[in-house]
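Each ligand, and each atom within it, is numbered from 1 in the order the structure gives.
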Amino acid sequence: MKKHNYSAGPCILPQEVFEKSAQAVLDFNNSGLSILEISHRSKDFVAVMDEARALAIELLGLEGKGYQALFLQGGASLEFLMVPYNLMKVDGKAAYLDSGTWANNAIKEAKLFGETIVVASSKAENYNHIPTEYTIPTDANYFHCTSNNTIFGTQMKSFPITNVPVVCDMSSDIFSRTLDFSKFDLIYAGAQKNMGAAGTTLVVVKEEILGKSGRTIPSILDYEKHIKAESMYNTPAVFAVYTCLLTLQWLKKQGGIAAIEKINDAKANLLYNEIDRNPLFIGTAVTKDRSSMNATFLLVDEKNQETFDKMWKDAGISGLAGHRSVGGYRASMYNALPLESVQVLVDVMKELEEVVSVQSQLAE
Ligand SMILES: *Cc1c(COP(=O)(O)O)cnc(C)c1O
């Protein structure tokens with residue numbers, strides 16, 4: 001039986017993506033060949049890459065606005081260093097918002113390249129909120145932020161207005177909500193959170209910000225070289241890119257980002273309402289910054305843990321354990337997780353309340 005998969009990543013993808021990609025492993029486009037054995041330069045795969053790049057731009061509403069989409073490798077973690085390599089000038093500086101572990105990792109890499117100003121941090125409160133009230137130096141080469149903090153369950157609901165290029169790690173909420181994406185100059189996202197199989201990273205970059213760093217950039221790390229090669233500078237992650245294409249096609253059929261956002265909001269409301277209503281649970285993120293993708297919560301009384309864990313596992317739920325730096329539970333509700341799966345979790349939480357109330361009556 002298919003599980004209700006709350007894994008933070010790699011994560012659930014639409015069922016039709018599993019089916020179509022499985023079919024392509026056996027026979028891709030009735031070619032008599034598996035997608036795993038064709039040349040990445042073959043006509044069929046070049047078409048996959050071209051459509052995936054175009055569809056990413058289209059779904060983000062960035063057509064004709066000077067952006068290029070790339071499917072690279074090395075995960076979001078490699079972007080932590082490709083961004084400063086390409087954008088931080090020699091003797092320049094960059095500004096970073098420290099809103100979580102991933103942001104912090106990005107900061108560590110930037111420091112290898114030059115002056116890295118942390119404009120604000122919520123680390124002292126274990127990243128339970130998004131820092132506000134900061135200023136971005138007007139002479140920074142770029143400002144870097146993380147739209148959704150996968151581990152801590154917080155999400156930026158608004159973005160600062162600044163004259164410097166804005167770079168955003170959207171690994172865990174890309175394609176999940178409507179934003180004016182033209183306000184960003186570079187967006188990157190590891191595929192495995194909301195887009196496809198692990199192994200590729202989507203980079204969407206406004207071309208005019210490139211070529212200004214004055215650095216000699218190794219070819220494989222140079223965005224301009226990847227653009228020139230149409231995202232085929234070297235062998236791309238063929239299968240992972242194909243799963244991204246299938247997911248983006250599925251998303252377009254659902255009605256695009258605006259349509260999926262409504263469902264994502266409904267899922268998040270359903271779960272957060274229960275976390276707030278049910279006296280046995282407590283959320284860990286500050287309410288106004290709660291993520292619609294990753295909900296983090298704790299049991300008020302740890303003695304209920306064994307019972308609760310058995311109950312959700314028996315209900316066919318998988319991947320609910322919290323990250324070690326927060327503990328408790330994390331429900332990742334990415335695009336492909338159906339509303340029904342959230343209802344199953346909420347029902348289990350209500351059931352736990354009944355079980356605990358009966359136990360305490362018996363104890364009296
Ligand atoms: C998972 C994640 C990363 C790291 O992604 P990799 O592809 O494993 O390098 C970076 N940023 C955010 C926000 C993430 O959720």
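Between the side chains of Gln254 and Lys252, no donor N or O sits under 3.5 Å from an acceptor N or O. Side-chain contact check for Glu51 and Gln249: at least one donor-acceptor pair (N or O, by modelled atom type) lies under 3.5 Å. When only modelled atom types and interatomic distance are considered, Glu109 and Asn105 share no side-chain donor-acceptor pair under 3.5 Å.
Among residue pairs with one or both ends in residues 352-362, those qualifying as side-chain hydrogen bond (donor to acceptor under 3.5 Å, both in side chains) are Arg277-Glu353; sequence neighbours excluded.
Of the protein's heavy atoms, Asp169 OD2, 2.6 Å lies nearest to atom 11 (N) of ligand 1. At the shortest separation from atom 15 (O) of ligand 1 among protein heavy atoms lies Thr150 OG1, 2.4 Å. Closest to atom 9 (O) of ligand 1 among all protein heavy atoms lies Ser77 OG, 2.6 Å.
Listed by number with element, the atoms of ligand 1 under 4.0 angstrom from any heavy atom of Gly75 are 7 (O), 9 (O).
For Lys253 and Glu16, the salt-bridge test passes: some basic side-chain N is under 4.0 Å from an acidic carboxylate O. Note on Asp265 versus Lys262: no salt bridge recorded, every NZ/NE/NH1/NH2 to OD/OE distance being 4.0 Å or above.
Inclusion of Lys193 in the set of residues having an N or O under 3.5 Å from an N or O of ligand 1 is warranted. Taking distance alone, with nitrogen or oxygen atoms compared against 3.5 Å, Ala76 approaches ligand 1 more closely than that limit.
Heavy atoms of Phe80 found under 4.0 angstrom from ligand 1 belong exclusively to the side chain. Only backbone heavy atoms of Asn148 (N, CA, C or O) come within less than 4.0 Å of ligand 1; its side chain stays farther off.
Residue contacts with ligand 1: Asn149 is excluded, as none of its non-hydrogen atoms falls under 4.0 Å. The closest approach between Gln192 and ligand 1 falls below 4.0 Å for a heavy atom of the residue.
Put simply, the residue from Ser292, Ser171, Ser172 that forms a side-chain hydrogen bond (donor to acceptor under 3.5 Å, both in side chains) with Asn148 is Ser172.
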